[in-house]
Amino acid sequence: MLPLNTIRENADTLVRALAKRGLDAQPMIDEVLELDQQRRDVQTRLDATLAEANQLSREIGNLFKTGKAKEAQELKARSGELKELSKELSEALNTAAEALQQALYQLPNAPHDLVPAGSSETDNEVVFQSGETTAAGGEALPHWELAAKYNLIDFELGVKITGAGFPVYKGRGARLQRALISYFLDRNTESGYEEVQVPHLVNEASGYGTGQLPDKEGQMYELRDDKLFLIPTAEVPVTNMLRDVIVERAQLPLRYTAYTPCFRREAGSYGAHVRGLNRLHQFDKVEIVRVEEPANSYQALDEMVAHVKALLESLQLPYRILRLCGGDLGFTSALTYDFEVWSAAQERWLEVSSVSNFEAFQANRLKLRYRDANNKPQLAHTLNGSALALPRILACILEDYQEAEGIRIPDVLVPYTGFDRIG
RNA sequence: GGAGGAAUGGCAGAGUGGUCGAAUGCGGCGGUCUUGAAAACCGUUGAGGGUCAAACCUCCGGGGGUUCGAAUCCCUCUUCCUCCGCCA
């Protein structure tokens with residue numbers, strides 16, 4: 001949710017920025033400004049009414065104290081009127097505030113200057129590409145065949161237990177995934193991210209805090225009896241740790257890393273391109289989250305990008321970095337870099353990380369603030385990124401590291417796996 | 001799951017119907033003193049709305065009610081604590 005004062009002060013800039021999403025935001029902005037004005041008008045009238053009522057109560061109290069009960073009784077009549085009026089105004093205020101809130105919820109974050117205009121992923125900008133993208137050539141097997149061949153992952157078993165998109169990892173496949181998790185957590189921790197273990201179910205307030213709610217509940221699994229949601233990403237519980245918090249400036253930046261499973265309904269996505277590990281309903285991910293002063297948040301974004309780069313370099317996987325265009329940019333993000341790794345057998349790029357700066361968009365919903373140089377509470381900036389998403393990394397390692405007689409394990413992982421090849 | 005108790009400012013903790021946004025202590029910040037520091041003393045110190053600035057309004061876990069007036073009384077929800085039961 002864009003902060004109201006940003007909308008009031010920079011309406012024109014916002015409209016121009018939002019145009020990059022292919023959105024004509026002018027009518028929405030106008031509506032917000034009008035609803036804001038209405039809300040304030042009602043608030044002003046309510047305040048005046050309450051002020052008079054408070055004054056009157058004091059007078060009545062004094063009259064009673066000095067034994068002038070009769071005069072006090074007379075004033076009660078006016079008090080009753082004021083009460084009636086304040087009740088009406090209070091309801092009007094709620095209505096106005098609710099309408100404003102709803103309008104604000106509809107507005108996506110304003111894209112940063114660097115975001116290219118564009119309508120789909122074809123308009124994303126490749127900002128970096130590493131070396132060779134062909135590792136194994138025409139003989140390469142896709143990871144689902146490798147997984148079957150070496151008994152690493154059993155997709156059918158997952159179907160039996162739960163359904164499609166819930167694979168069972170076995171033996172060295174399970175061990176390799178666990179190794180990756182540990183490796184990523186260790187590297188993140190070394191870089192100053194504090195490891196946290198968080199709930200995998202979140203309440204509604206948390207869903208609103210990071211922007212999954214309203215409107216996107218269809219993407220999450222919901223436990224209706226308890227009004228809880230399975231997390232689609234660790235971003236939700238981790239960022240919501242800071243909900244309703246005012247952070248001292250000296251404590252910034254806050255840096256967290258968390259490993260969690262992620263649950264996504266992915267309704268409507270089927271077909272060959274979702275085979276194997278490409279798209280799952282449950283997958284593992286190690287996430288990094290930062291809270292920053294606004295002045296530092298883009299430097300922080302660059303650091304996070306550099307960090308994820310270093311992880312991929314250390315695994316020696318071919319990858320590229322995309323700057324998402326306006327049309328592909330997430331609702332809550334101002335600037336996002338996607339990382340994609342080359343899948344040698346499928347001969348396509350697989351997204352393994354998405355690193356975003358949300359600026360004050362989430363903080364505004366979360367009421368996450370810090371004290372500025374004048375000690376005044378201001379909205380902080382939040383950022384997060386995957387470091388990294390496991391299944392696709394696993395898929396690319398299997399495919400890109402395959403040899404005639406098995407699969408090699410990237411050097412950095414060997415201390416974690418305890419073996420240096422599969423097969 | 002059963003029975004009790006509690007929820008107040010960064011923390012601790014007063015406050016049971018009227019000038020209480022809230023005593024006091026600790027912590028924080030500023031100052032006096034000091035070569036410097038500590039101690040001591042003085043001052044200051046919640047958030048949001050609103051205003052050029054003020055006035056003013058809201059907030060004592062959430063919601064509702066009683067009353068001219070609620071942190072204080074009533075209802076309800078949530079959370080926490082104690083005891084019992086169950087349990088990884």
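Quick note: numbers below take in every heavy atom, side chains included, and nothing from hydrogens, waters or symmetry partners. This is a predicted model, so every value here is computed, not measured. Note on naming: letters A, B, ... go to the chains in the order of the sequence lines (proteins, then strands), and numbering restarts at 1 for each one.
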Ring centre gap for A/F184 and A/Y259 strictly below 6.0 Å: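 No; A/Y259 has its ring centre 6.0 Å or more from that of A/F184.
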Any side-chain N or O of A/R40 under 4.0 Å from OP1/OP2 of B/U51?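 A/R40 to B/U51 OP1/OP2: side-chain N or O found under 4.0 Å.
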Between A/R371 and B/A47, is there a contact of a side-chain N or O with OP1 or OP2 at under 4.0 Å? yes
Counter-base of [N], judged by Watson-Crick or G-U geometry with both distances under 3.5 Å:
N	answer
B/C52	none
B/C87	none
B/A37	none
B/U66	none
B/G17	none
B/G4	B/C81
B/G43	B/C29

Distance, [atom1] atom - from [M] to [N], rounded to whole angstrom:
N	M	atom1	answer
B/G61	B/A6	C1'	11 Å
B/C68	B/C77	P	28 Å
B/G28	B/G64	C1'	38 Å
B/G62	B/A70	P	16 Å
B/A38	B/G30	P	12 Å
B/C59	B/U82	P	33 Å
B/A22	B/U58	P	14 Å
B/G48	B/A53	P	15 Å

Looking only at side-chain atoms of [X], point me to the closest of [options].
X	options	value
A/R369	B/G49, B/G18, B/A47	B/A47
A/Q43	B/G50, B/C56, B/G49	B/G49
A/A51	B/C56, B/C68, B/U19	B/C56

Taking for each residue the nucleotide of RNA chain B with the nearest heavy atom, is it A/P377 or A/A53 whose nucleotide lies nearer the 5' end?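 So the residue in question is A/P377.
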Please figure out whether A/D36 or A/A48 has its closest RNA chain B nucleotide nearer the 5' end. A/D36
Starting from [atom2] on [N], measure out to [atom1] on [X] and report it in whole angstrom.
X	N	atom1	atom2	value
A/K367	B/G49	NZ	C1'	12 Å
A/L75	B/G18	CG	C1'	15 Å
A/E52	B/G69	CD	C1'	15 Å
A/K87	B/C57	NZ	P	21 Å
A/L50	B/A70	CG	P	11 Å
A/L56	B/G69	CG	P	10 Å
A/R39	B/C57	CZ	P	17 Å
A/Y208	B/G62	OH	P	20 Å

Assign the ring pair [X] / [Y] to parallel, tilted or perpendicular, where the plane angle (0 to 90°) is split at 30° and 60°.
X	Y	value
A/F263	A/Y221	perpendicular
A/Y193	A/H307	tilted
A/F331	A/F361	perpendicular

Working to the nearest 0.5 Å, report the span between CG of A/L277 and CZ of A/R392.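 Rounded to the nearest 0.5 Å, the CG-CZ separation comes to 9.5 Å.
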Can you tell me how far NZ of A/K76 sits from CD of A/E74, rounded to the nearest 0.5 angstrom?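 These two atoms lie 12.0 Å from each other.
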Counting only distance, no hydrogens or angles, is the base of B/G69 paired donor-acceptor with the side chain of A/N54 under 3.5 Å? no
Is A/K87 paired with A/E84 through a side-chain N to carboxylate O contact shorter than 4.0 Å?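 Judged by the 4.0 Å cut-off on N to carboxylate O distance, A/E84 and A/K87 do not form a salt bridge.
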With sugar-phosphate meaning primed atoms plus P, OP1 and OP2, does A/S57 contact a base, only sugar-phosphate, or nothing at under 4.0 Å between heavy atoms?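 Base contact.
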